[in-house]
Protein chains: 2
Amino acid sequence: MISRKTKYALQALGCLAEHASGEPMLIADLAERERIPRKYLEAILVALRKGGVLTSRAGRGGGYQLAAPAGEITLARVVAILDGDIAPLPCLADTNPVRCDECADLDTCGTRLVMLEVKRTVSATLDGLTLADLVERARDARARRRGTPDFSI
Amino acid sequence: MISRKTKYALQALGCLAEHASGEPMLIADLAERERIPRKYLEAILVALRKGGVLTSRAGRGGGYQLAAPAGEITLARVVAILDGDIAPLPCLADTNPVRCDECADLDTCGTRLVMLEVKRTVSATLDGLTLADLVERARDARARRRGTPDFSI
DNA sequence: TAAAAGTCTATCGATATTATAGACATATTT
DNA sequence: AAATATGTCTATAATATCGATAGACTTTTA
């Protein structure tokens, strides 16, 4: 389960990725279009900027932009910034792993070993998906519903 | 991230799976061996019994047993019993999906579409792992550490 | 220098999780 | 049938986390 925070982030990033022109977008616009509480979105965007995924410009004509092409920003990165490690168990976290005190032996804990496998799978999937995929699938879905392939318009 | 509840469940189930003889095990023993708060474990075992993974017998000589061979109990099933759906988004839950009210259109939400992929991956992984795998990996890890393959003893 | 924009800090309430306690019911052995 | 060992249920408390909001502050550009 990803947090609502991360979901909001993906929506906002998707919106920025679709926003063809390189023009920065305003927090207020993003909040309205994606129906995200303004102040909450603010905090999310700051985190993303600190995480290197967004750049911002203050002052008139300012706003937020992607810091890289959509195809280079992985979901893994976004999730890591907002939800931190996706480790299924605290003892499997990449940064700051916390060993369970009920576990006598970390390396031979069966639960940990199988969950490590789950973690690897999730990581691989999130690493293989980018904002470009997100945008593309939404576009495909819209096209499919209209009954016309996207490129035939 | 799986809950601590599910982690406790997997440890207890692993313990039962290793417990060679078909004899039932007592809650108190399980709690002590796996260092799980006794009363908390109690609630977990009840849930697992209701979920069909365990059987229990009251009275003297009673206790808990696996309801099926370890190789037939998947992690997916255990996680589902204790943590419910593993859906990364509420709108992707199998049972009782809740659509986000900020989403105008469920079927063309890019975030949902990419997360659906993540969910499928996780489900497939958890479906492919059983308690027997859990036990086996722990055994392998112990053997590997001793520097001797398990079968050479 | 004023307006428009982003940044930071604090706080609140709701909810879920983890944990505990104790009364109650059931089954086995003697 | 009594005694004892065992599981079951309900309620509650402590804690942590998440989602959300408010307001003062800083920076940039026209």
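In this text, all values refer to a predicted model and were calculated from it rather than measured experimentally. Any value given below was found using the heavy atoms of this structure, including those in side chains, with hydrogens, waters and symmetry copies removed.
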Determine: side-chain N/O of [X] to OP1/OP2 of [N], distance under 4.0 Å, yes or no.
X: R49(A); N: dT7(C); answer: yes
X: Y8(A); N: dA20(D); answer: yes
X: Y40(B); N: dA14(D); answer: no
X: S56(A); N: dT7(C); answer: yes

Send over the distance from [X] [atom1] to [N] [atom2], rounded to a whole Å.
X: M25(B); N: dA5(D); atom1: CE; atom2: P; answer: 19 Å
X: R38(B); N: dG22(C); atom1: CZ; atom2: P; answer: 14 Å
X: R57(A); N: dG6(C); atom1: CZ; atom2: P; answer: 11 Å
X: I44(A); N: dG19(D); atom1: CD1; atom2: C1'; answer: 9 Å
X: E42(A); N: dT9(C); atom1: CD; atom2: P; answer: 13 Å
X: L41(A); N: dT21(D); atom1: CG; atom2: C1'; answer: 14 Å
X: Q11(B); N: dT18(C); atom1: CD; atom2: P; answer: 13 Å
X: K5(B); N: dA19(C); atom1: NZ; atom2: P; answer: 10 Å

* Test applied, side chain to side chain contact (heavy atoms under 4.5 Å, CB included); reference residue, L92(B); option that passes from L116(B), V118(B), I86(B), L106(B) ->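 Between L92(B) and the candidates, side chain to side chain contact (heavy atoms under 4.5 Å, CB included) is satisfied uniquely by L116(B).
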
* **In one Ile/Leu/Val/Met/Phe/Trp/Tyr side-chain cluster, 4.5 Å: V79(B), I81(B)** =>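 Yes.
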
* **Candidate pair E42(A) and K39(A), rule salt bridge (charged side-chain N to carboxylate O under 4.0 Å, His left out), full reasoning** => CA-CA 5 Å; E42(A) 218 175 86; K39(A) 276 300 202 175; 3.3 Å; yes

* Asked: Of K50(A) and R60(A), whose closest DNA chain C nucleotide lies nearer the 5' terminus?
  -> R60(A)

Heavy atoms only, 4.0 Å cut-off, all strands: where does [X] land among base, sugar-phosphate and nothing?
X: L45(A); value: nothing
X: L26(A); value: sugar-phosphate
X: K7(B); value: nothing

* Pair of N/O donor and acceptor under 3.5 Å linking dG19(D) base with K39(A) side chain ->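 No.
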
* To do: Measure from the side-chain heavy atoms of P37(A) and tell me the nearest of dT8(D), dT26(C), dT21(D).
  =>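 Minimum distance to the P37(A) side chain belongs to dT21(D).
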
* To do: Decide if atom NZ of K5(A) counts as having more than 12 heavy atoms of other residues, nucleotides or ligands within a radius under 6.0 Å.
  =>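 Open: at most 12 neighbouring heavy atoms sit under 6.0 Å from NZ of K5(A).
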
* To do: Quick one: which residue pairs count as a salt bridge (Lys or Arg N to Asp or Glu O under 4.0 Å) with a foot in residues 62-89 of chain B, not counting sequence neighbours?
  => none

